[in-house]
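Notes for the one structure printed next.
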Amino acid sequence: MEETISKHSLAHPKEKRVECEIREMNCHLCIHAKEKPHVCEVCGKAFAQRGTLAAHLSIHRKVKPYVCEVCGKAFSERGNMVRHLRIHTKKKSYICEVCGKAFAERGNLTVHLGIHRNEKPYVCEVCCKAFTHLCNLKAHLRTHTKETPYVCEVCGKAFSERGSLAKHLRTHTNEKPYFCEVCGKAFSERSNMVRHLRTHTKEKPFSCDVCGKVFAQICHLKRHFRTHTK
C-alpha cells in the first residue's frame, strides 16, 4: 500500500505530495477501521473508499464499460468481468469434497456446500419458505409481488425470472442449443432434451408410491396416479 501511495503522490507537484499522501493514507485506514463514510444516495449502501462508491454508482446508471472479449457480455465493474472470464477458461480450482463438483469461485463453492448441509438461510418474510440461495429467494418473492421485470423486446411479454425470459426468446429466434448426444436431435429447452434422452436410455425415474409402477415422465405418473384416487 505504501508503495502505491508513494507512486501516486509523485504524479503531483512537490508542494501537493504531502497533502495527497495523507489523504490516501486516511482513505486506506478506513478499511482497517471498518469505517464507511461514502454513502450511495440511491440505495444507501456505504463504502470505505470513494472509488468503490463510484464503481457502485455505475450499477444504478446501468453503465457497463467492461466487456467480455469472448462472448460480449458487459459488466459495470472490472472484477465481475474478470470472474466471468473464468467461465470461458474453465479453470475451476475450488472442488467440493463431498461430491467432487468444481467451481471457478470460492464463493460459489461455499454456497454449494450449503446444499449438502441442507442449509437454507434465506427465508421469505411473507410465507416463511426457506432457500439455499439468495437469488432463489428473490425470484420466489416475485410470486407474492407479481413483479415481472424481465420484458421481451420482441413481443412485450413480461416474466418474473430472467431464465423464463431467455427460454421465451427462443420461441422468436427458433434457437435450439440443446442436442441429444445419441441421435443429434436439437431442442430449445434443456428439460425437453432430458426427457427425449430417456427414449434412448429407457430410464424410468418416476415411480408410483401406491403400486410401484415406473414411468419415464412425471406427467405420465400423475395421470396414472389418478387411477388410484378414483
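Below, all heavy atoms of this structure are taken into account, side chains as well, without hydrogens, waters or symmetry copies.
Nearest heavy atom pair, residue Ala158 against residue Val151, reads CB-CG2, 4.0 Å. For the residue pair Val210 and Phe225, the shortest heavy atom distance occurs at CG2-CE1, 3.6 Å. For the pair Gly212 and Ser207, the tightest heavy-atom approach, listed with the atom from each and the gap, is O-CB, 4.4 Å. In terms of heavy atoms, Thr132 sits closest to Lys120 at OG1-CG, 3.7 Å. Among all heavy-atom pairs drawn from Tyr94 and Leu109, the shortest one is CB-CD2, 3.8 Å. Across every non-hydrogen atom of Gly100 and Ile95, the tightest pair is O-CG2, 3.7 Å.
Rounded to the nearest 0.5 Å, atoms CG (Leu141) and OG1 (Thr145) are 7.0 Å apart. In this structure, the separation between CG on Leu113 and SG on Cys99 is 8.0 Å, given to the nearest 0.5 Å. We find the NE2-NZ distance between His116 and Lys101 to be 8.5 Å, quoted to the nearest 0.5 Å. Note that the NE2 atom of His172 and the NZ atom of Lys157 stand 8.5 Å from one another [nearest 0.5 Å]. The structure places OG1 of Thr143 at 9.0 Å from CD of Glu161, a figure rounded to the nearest 0.5 Å.
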Test side chain to side chain contact (heavy atoms under 4.5 Å, CB included) on Arg162 and Tyr150; report intermediate values, then the result. CA-CA 6 Å; Arg162 190 190 303 274; Tyr150 304 105; 3.9 Å; yes

Just do the side chain to side chain contact (heavy atoms under 4.5 Å, CB included) check on Leu137 and His133 with the steps written out, would you? CA-CA 7 Å; Leu137 169 60; His133 301 175; over 6 Å; no

Just do the side chain to side chain contact (heavy atoms under 4.5 Å, CB included) check on Phe103 and His112 with the steps written out, would you? CA-CA 9 Å; Phe103 299 88; His112 166 78; 3.3 Å; yes

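The shortest side-chain heavy-atom distance between Thr227 and His224 falls under the 4.5 Å cut-off. Residues Leu169 and Leu165 have side chains in contact (heavy-atom distance under 4.5 Å, counting atoms from C-beta outward). Here the side chains of Phe206 and Ile218 are in contact, with some heavy-atom distance below 4.5 Å. Residues Tyr178 and Lys176 fail the side-chain proximity criterion, which asks for heavy atoms closer than 4.5 Å. Side chains of Phe131 and His140 form a contact here, defined as non-hydrogen atoms less than 4.5 Å apart.
Ring centroids of His168 and Phe159 are separated by less than 6.0 Å, placing the two rings close together.
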Acceptor/donor pairs from residues 188-198 side chains to any protein atom, 3.5 angstrom cut, sequence neighbours excluded:
unit_1 : atom_1 : unit_2 : atom_2 : d
Asn192 : OD1    : Arg195 : NH2    : 2.1
His196 : NE2    : His200 : NE2    : 3.2
Arg198 : NH1    : Ala216 : O      : 2.9

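For the salt bridge (Lys or Arg N to Asp or Glu O under 4.0 Å) test, no residue two or more places apart in sequence or in another chain qualifies with Arg106.
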